[in-house]
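Remarks on the structure that follows.
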Amino acid sequence: MAKELSKTYNPTEIEDRLYQKWLNKKYFAANVNKAKKPFTIVMPPPNITGQLHMGHALDNTLQDILIRWKRMQGFEALWQPGTDHASIATEVKITNMLKDKGIDKAELGREGFLKEAWKWRAEYGSRIVSQLKKLGSSADWDRERFTMDEGCSKAVREVFCRLYEKGYIYQGSRIINWCPVCQTSLSDAEVEHEEQHGHFWHILYPIVGQDGFVEIATTRPETLLGDTAVAVNPDDERYKELVGKMLKLPLTDREIPVIADAYVDKEFGTGCVKITPAHDPNDFEVGKRHNLEEINILNDDGTINENGGKYCGMDRYEARKVMVEELKEQGLLVKVVDHTHNVGTHDRCHTTVEPMIKKQWFVRMDELAKPAIEAIKTGELKFVPEHFDKTYLHWLETIHDWCISRQLWWGHRIPAWTCPDCGELIVSREDPTVCPKCGGTRLVQDEDSLDTWFSSALWPFSTLGWPEKTPEMEYFFPTDVLVTGYDIIFFWVIRMVFSSYEQTGKSPFHTVLIHGLVRDELGRKMSKSLGNGIDPLEVIDRYGADALRLTLVTGNAPGNDMRFSYTKMDASRNFANKVWNASRFIMMNMEGVDTAKVTTDMLADEDKWILTKVNHLAAEVTDNMDNYDLGIALQKIYDFIWDEFCDWYIEMVKPRMYAREGQEDDAAFLQSRRAACWTLKTVLIQSLKLLHPYMPFITEEIFCNLQDDEESIMVSAWPVEKQEWSFDDVEHKVEMMKEAVRAIRQVRTDMNVAPGKKAAVFVVSENEAVRKVFEDGKAFFAALGSASHVAIQADKAGIPDDAVSAVTANASMYIPLAELIDIDKEIARLEKEEKRLKGELARSAGMLRNEKFLSKAPADKIAEEKAKEAKYTQLMEQVQARLAQLKK
RNA sequence: GGAGAUAUAGCUCAGCCGGGAUGAGCGUUCGCCUCACACGCGAGAGGUCGUGGGUUCGAGCCCCACUGUCUCCACCA
């Protein structure tokens with residue numbers, strides 16, 4: 001039996017209760033089930049340091065919609081959740097926490113630090129997970145994984161060893177990005193280029209053995225200490241003489257040669273470039289070509305080292321200041337020019353990155369990239385929207401080797417050992433104790449850990465048990481869709497794809513659904529520094545998770561950014577309330593009515609009409625969702641529920657709900673009411689099901705209240721098109737009625753008739769079939785058109801001449817409002833209508849008189865246009881006849 | 001320096017295969033507390049679809065150029 005429902009929807013008291021119920025019932029669980037087809041999404045693992053933000057909310061809402069939908073469609077739907085250890089973010093956080101407690105990381109040592117880190121993760125690592133639950137996420141939490149758990153760590157080690165054995169992982173001294181604050185190396189993807197205002201310092205390098213100078217321009221004068229040459233373009237006539245000569249390097253006692261290299265752009269700056277192989281990627285290459293010495297002048301913390309002579313110990317920027325000053329004193333500083341240039345910064349701490357030569361571990365990318373590129377070309381992998389494959393391909397085609405070692409403790413330690421006795425390098429799946437070469441037992445493990453993305457790259461299969469041949473791996477892999485923001489295509493998507501091809505031979509998923517950023521109301525990125533971030537949890541508290549989900553999906557196309565606003569939240573909440581109240585209405589009226597399935601012959605035209613509508617809606621929505629047009633699908637559901645179902649159908653059906661005097665036991669009335677109630681309930685259930693992936697809580701609450709024997713909408717079947725619900729012949733009848741009602745309302749409004757004032761309505765049509773339709777729908781006019789009495793007739797007999805008229809394509813309606821009618825106003829209104837119709841007719845005629853249109857356009861298009869013309873001609877005739885009558 | 005996205009109603013955005021902008025929400029105007037809902041109901045107003053060309057019987061949609069905005073990539077010292 002229907003329960004008492006409150007007048008406004010109150011999400012807070014409902015959501016937690018339902019989520020707990022779902023958990024208890026294990027509805028989120030997915031298991032290997034050969035009888036069903038699998039559908040799998042791996043959740044992008046949030047950082048354990050994370051707090052739920054709008055980006056997560058959007059990302060997880062989209063995934064939850066897909067998963068709930070597929071689950072209802074009968075797939076064994078696995079949403080594989082988990083969290084990421086986020087090596088650098090977490091290490092920084094823990095280091096700071098320790099610092100606050102007065103503990104120094106270095107003193108604590110590796111072991112002690114890791115102990116603290118694990119403690120931290122146990123305490124805070126699940127916070128983000130509980131926040132995701134507030135959103136309604138139906139992930140299989142029993143399968144929750146962590147990038148540093150035993151299985152994932154095993155996968156990491158296996159992959160490392162395999163790539164090493166294949167020669168794809170190597171150790172080398174190369175120029176890498178170094179963050180002096182975090183004191184670790186970084187991959188290219190972690191470096192952000194920021195435009196900064198800087199200077200060009202023009203400095204003179206005296207030529208040895210003769211008068212004169214070479215003028216160079218630099219943005220980083222302190223790197224002068226590491227210069228080992230000055231380069232000019234070989235074709236530069238100005239400097240031809242100088243090539244091979246030596247220069248005195250200012251502020252040092254070193255002399256460096258002038259070399260010729262095509263890398264130098266004659267047109268840029270002075271045409272002379274100082275070469276610092278140890279601190280500039282280009283110079284590094286130049287240095288290699290000319291066998292130049294590489295002088296590292298920086299310590300890991302960004303201070304000048306012993307190679308910097310008297311500047312040793314100074315911070316790099318301090319040294320810059322001092323050196324510029326001294327150059328000025330010596331007359332070697334020509335000028336300082338303002339210059340904006342791009343500076344590489346660390347994406348986590350925004351410290352300016354210093355290029356340095358360091359011995360690091362790298363992954364060779366050329367071979368690995370190939371199948372990942374191929375995947376797009378063969379269509380094994382596709383992006384939604386499609387254009388992101390360009391971004392993806394461009395990155396892959398220009399990819400550099402991936403620096404994977406990090407000078408951090410929190411993470412997967414590199415499984416490499418060296419033997420101090422013989423220098424042998426051992427990479428092994430098991431921790432070695434003895435050197436296989438010399439038998440030495442003093443093996444030392446590499447201190448570094450792996451880039452955090454190395455483990456996330458394996459996420460789609462490591463979470464399923466790989467490298468073991470688990471039933472899950474067999475069944476759920478490859479996964480289906482990956483949902484993520486365009487901002488991490490480089491970091492993550494690409495690396496998952498090539499890792500998966502390399503390890504499993506398959507793409508990890510067939511589709512990548514890309515979404516944009518959630519911006520603030522003004523279109524700005526939400527950020528801590530701007531303080532414009534909106535906490536999704538706060539929004540959920542105020543409006544409910546359903547309303548938040550609705551806001552995030554409404555009117556948003558894949559890949560596009562969206563703006564969040566409380567105005568949108570209001571609209572979403574209003575919709576939830578609308579659904580709530582429609583359901584309340586239906587339940588109230590169902591009270592005591594038998595809603596067992598009725599037979600087709602009991603259904604009224606409007607019942608058939610709305611059933612047909614919801615039937616088609618299901619097909620359309622499914623189609624849109626198949627194409628990942630979730631925003632469009634939602635829009636259709638929204639429009640159907642609000643406009644068609646609530647504003648039309650429910651209103652149409654009201655006269656059948658309330659018995660008039662003496663009708664209480666009338667068999668025809670009771671049967672009609674029963675049919676209406678069954679239809680209301682049926683259409684509501686279908687609508688709720690379609691809406692459920694978007695608004696899981698409210699739909700569940702209503703669904704269960706509506707039918708006590710159903711335990712959850714979550715496990716109910718997704719609506720499919722039903723043959724027996726396609727009453728295509730009734731649509732035009734109902735549309736005819738709607739059109740007539742609208743016309744009556746319009747006239748009444750135009751004439752300023754108070755809504756409470758009922759008036760008789762005469763409907764005139766020469767067509768018998770049309771009259772029949774209106775006869776059947778008489779009740780609607782009273783309910784929807786404020787009619788006191790309705791007469792359907794073939795001619796105008798008995799209708800007062802001064803009645804106001806409303807014209808539709810099929811019929812004319814007359815409303816006697818003698819005391820209110822203003823002939824001039826009525827004429828003006830009809831003339832306006834006449835003008836509109838003229839325009840319409842001109843448009844149709846324009847097309848239909850065009851021979852090229854007639855000869856080239858498809859036949860159905862022409863027929864359509866002819867039908868329109870006929871309809872407007874008919875309308876025009878009626879309007880003009882009425883005008884003539886009034887002007888008489 | 002490359003690449004991409006975007007330009008539609010006052011605002012925020014949809015617009016599938018080229019075929020009347022039939023768009024939606026918010027805002028706005030007028031009228032309504034009509035026994036599900038004022039978080040509501042009814043009726044309106046409001047758009048040269050950035051500019052200029054082209055293809056087509058027909059272009060918001062396809063092609064070219066331009067302009068504005070945004071984003072990503074990139075080792076010009």
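Only this structure's heavy atoms are used, side chains among them; waters, hydrogens and symmetry mates stay out. Chain identifiers are assigned alphabetically (A, B, ...) following the order of the sequence lines, protein sequences preceding nucleic acid strands; residue numbering begins at 1 within each chain.
A parallel orientation is assigned to the rings of A:Phe645 and A:Phe640, their planes being inclined by less than 30° (bins at 30° and 60°).
A:Lys578 contributes a side-chain N or O that forms a donor-acceptor pair with the base of B:C37 under 3.5 Å. Side-chain N/O atoms of A:Asn342 and base N/O atoms of B:A74 include a donor-acceptor pair closer than 3.5 Å.
Relative to the side chain of A:Thr218, the nucleotides B:A77, B:C39, B:C72 differ in distance, and B:A77 lies closest. Which of B:G25, B:A74, B:A43 sits closest to the side chain of A:Tyr638 comes down to B:G25. Which of B:A77, B:C73, B:A36 sits closest to the side chain of A:Tyr263 comes down to B:A77. Picking from B:A77, B:G25, B:C39 the nucleotide with the shortest atom distance to the side chain of A:Phe200 gives B:A77. When distances are taken from the side chain of A:Asn581 to each of B:A24, B:C37, B:G42, the shortest belongs to B:C37. Between B:A43, B:C57, B:A36, one nucleotide has an atom nearer to the side chain of A:Lys852 than all others, and that is B:C57. Taking the side chain of A:Asn574 as heavy atoms from C-beta on, and the options B:C37, B:C70, B:G40, the nearest nucleotide is B:G40. Of the candidate nucleotides B:A36, B:A77, B:G44, B:G44 has the atom nearest to the side chain of A:Gln746. Ranking B:C57, B:A43, B:A36 by closeness to the A:Lys856 side chain, first place goes to B:C57. Side-chain proximity of A:Arg745 to the nucleotides B:C72, B:G42, B:A36 is greatest for B:G42.
No engagement by A:Tyr566 is indicated, since no non-hydrogen atom pair under 4.0 Å with the nucleic acid exists. Nucleic acid contact for A:Trp580: none, since no nucleic acid atom lies under 4.0 Å from a heavy atom of the residue. Among the heavy atoms of the strands, none lies under 4.0 Å from A:Phe388. As judged by a 4.0 angstrom heavy-atom cut-off over every strand, A:Lys7 is placed among residues touching the sugar-phosphate backbone only. Using a 4.0 Å heavy-atom distance criterion, A:Arg742 is classed as a sugar-phosphate-only contact. Backbone-only engagement by A:Tyr658 is indicated by non-hydrogen atom pairs under 4.0 Å involving sugar-phosphate atoms exclusively. Looking at heavy-atom distances under 4.0 Å, A:Arg573 makes contact with a base. Among the heavy atoms of the strands lying under 4.0 Å from A:Ala582 is at least one base atom, whether or not backbone atoms are also near. Across all strands shown, A:Asn850 has heavy atoms under 4.0 Å from sugar-phosphate atoms exclusively, and none from any base. Here A:Tyr9 lies out of heavy-atom contact (under 4.0 Å) with every strand. Using a 4.0 Å heavy-atom cutoff across all strands shown, A:Trp201 reaches no nucleic acid atom at all. Contact annotation for A:Asp647: backbone-only contact, meaning every heavy-atom pair under 4.0 Å involves sugar-phosphate atoms and none involves a base. If you check every strand for non-hydrogen atoms under 4.0 Å, A:Glu267 touches nothing. As judged by a 4.0 angstrom heavy-atom cut-off over every strand, A:Pro355 is placed among residues making no nucleic acid contact.
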Quick one: what's the B/S/- string for nucleotides 2-17 of chain B, heavy-atom cutoff under 4.0 Å, read 5' to 3'?
--SS------SSSS--
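In the model, A:Thr352 has no side-chain atom that pairs as donor or acceptor with a side-chain atom of A:Thr345 under 3.5 Å. A donor-acceptor pair shorter than 3.5 Å cannot be found between the side chains of A:Asn574 and A:Tyr9. Inspection of the A:Gln746 and A:Thr749 side chains reveals no N or O donor paired with an N or O acceptor under 3.5 Å. No donor-acceptor contact under 3.5 angstrom links the side chains of A:Asp546 and A:Tyr694, judged on distance only. One side chain, A:His290 or A:Asp261, offers a donor N or O that lies under 3.5 Å from an acceptor on the other.
Look at NZ on A:Lys861: it is 12 Å from P on B:G18, rounded to the nearest Å. Rounded to an integer number of Å, the gap from A:Arg220 CZ to B:A77 C1' is 9 Å.
Atom name P, nucleotides B:C70 and B:A77: the rounded distance is 23 Å, in whole Å. Comparing the C1' positions of B:A65 and B:G27 gives a spacing of 38 Å, expressed to the nearest Å. B:U51 and B:U8: their P atoms are spaced 10 Å apart (whole Å). To the nearest whole angstrom, the two P atoms, one in B:U34 and one in B:U28, are 23 Å apart. Nucleotides B:C11 and B:A3 have their C1' atoms positioned 31 Å apart, rounded to a whole Å. The same atom, C1', is picked in B:A14 and in B:U22; the two are 14 Å apart, to the nearest Å.
Taking the centre and axis of the six-membered ring of A:Tyr649, the NZ or CZ atom of A:Lys654 falls outside the cone set by 45° and 6.0 Å. A cation-pi geometry, defined here as NZ or CZ lying under 6.0 Å from the six-membered ring centre and within 45° of its normal, does not hold between A:Arg843 and A:Tyr872.
For CD of A:Glu386, the number of neighbouring non-hydrogen atoms (other residues, nucleotides, ligands) closer than 6.0 Å is 12 at most. Within a 6.0 Å radius of CD in A:Glu397, more than 12 heavy atoms belonging to other residues, nucleotides or ligands are found.
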Show your working on side-chain hydrogen bond (donor to acceptor under 3.5 Å, both in side chains) between A:Glu195 and A:Thr340 and close with a plain yes or no.
CA-CA 7 Å; A:Glu195 191 160 90; A:Thr340 54; 4.9 Å; no
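Checking side-chain atoms of A:Asn581 against main-chain N and O of A:Thr8 turns up no donor-acceptor pair under 3.5 Å.
In RNA chain B, runs of at least 3 stacked Watson-Crick or G-U pairs (N1-N3 plus N6-O4 or O6-N4, or N1-O2 plus O6-N3, all under 3.5 Å) give these stems: B:1-7 with B:67-73, B:10-13 with B:23-26, B:28-32 with B:40-44, B:50-54 with B:62-66.
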